[in-house]
Amino acid sequence: MILLLEDDPAIADTVAFALRREGFVVEHCAWLAEARERLRAAPAPELLILDIGLPDGHGLDLCRELRNGPLSRLPVIVLSARSEEMDRVLGLELGADDYLAKPFSPRELVARVRALLRRAQAAPAPTLGFTVDGTRVSLDGVPLNLTKLELGLLTHLLRAPQRIHSRDALLDAVWGSSAESTDRTVDTHIKTLRAKLREAAPARDPIKTHRGLGYSLEP
Ligand code: CA
């Protein structure tokens with residue numbers, strides 16, 4: 001099932017029609033609140049098509065929530081009325097898998113949906129090699145001796161692997177709203193964390209730096 005969150009009835013109808021014609025099952029919501037409720041229910045959708053401008057909020061907020069929750073691997077295509085680079089970067093940073101600027105052709109969207117579903121089905125759950133037991137973490141069976149902040153960073157990255165986490169998001173999640181913390185703080189602790197991971201499993205190096213965007217954890 002594909003969940004379509006779009007408040008413009010004309011666009012929603014066109015998209016739903018194009019997908020159903022290709023054999024997809026589509027459920028449609030026009031409100032963020034409705035989509036949040038639907039996403040908590042079973043069965044989970046296989047893919048989410050998400051409009052950015054919605055009557056009760058910003059679509060990218062939902063994207064961020066998803067990436068930090070149990071549906072962190074749900075493929076998401078973002079639809080935006082603006083083709084601005086900032087929206088695209090922000091969308092991808094917040095965990096969208098693909099991005100289409102309006103107006104788009106329904107055929108193009110169907111092709112992107114197919115490609116994403118194929119990719120999602122082909123990708124097995126990533127084997128990252130970490131085992132977490134309370135505050136004890138090991139990598140490939142080697143126990144890691146982490147500081148509280150390194151542990152915070154790692155568990156946050158582990159909650160949504162293969163997603164880019166911005167320095168701001170990491171600061172928020174691990175340090176809270178402490179005034180003394182800066183982007184540099186994140187970089188410093190990532191550096192020490194990385195060194196410890198390298199020591200435990202030299203071949204892995206799972207933390208990837210995305211210039212200007214943040215960090216992700218890769219298998
Ligand atoms: Ca809209």
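Because only heavy atoms are used, hydrogens play no part in the values below, and waters and symmetry mates are left out as well, while side chains stay in. Counting convention: from 1, in listed order, for ligands and their atoms alike.
The N, O or S atom of D7 lying closest to the Ca ion (ligand 1) is OD1.
Note on E6: not counted as a metal contact of the Ca ion (ligand 1), no N/O/S atom lying under 3.0 Å. The Ca ion (ligand 1) has an N, O or S atom of G53 under 3.0 Å away, backbone or side chain. At a cut-off of 3.0 Å, D51 coordinates the Ca ion (ligand 1) through an N, O or S atom.
Contact record, V78 with A96: CG2-CB, 3.4 Å, taken as the closest heavy-atom pair. L71 and A44 make their closest contact through CD2-CB, 3.9 Å (heavy atoms, listed as atom of the first residue, atom of the second, distance).
L197 and V132 fall within a single hydrophobic cluster, where Ile, Leu, Val, Met, Phe, Trp and Tyr side chains are chained together by heavy-atom contacts under 4.5 Å.
Here the straight-line distance linking atom CG of L144 with atom CG of L151 works out to 9.5 Å at 0.5 Å rounding.
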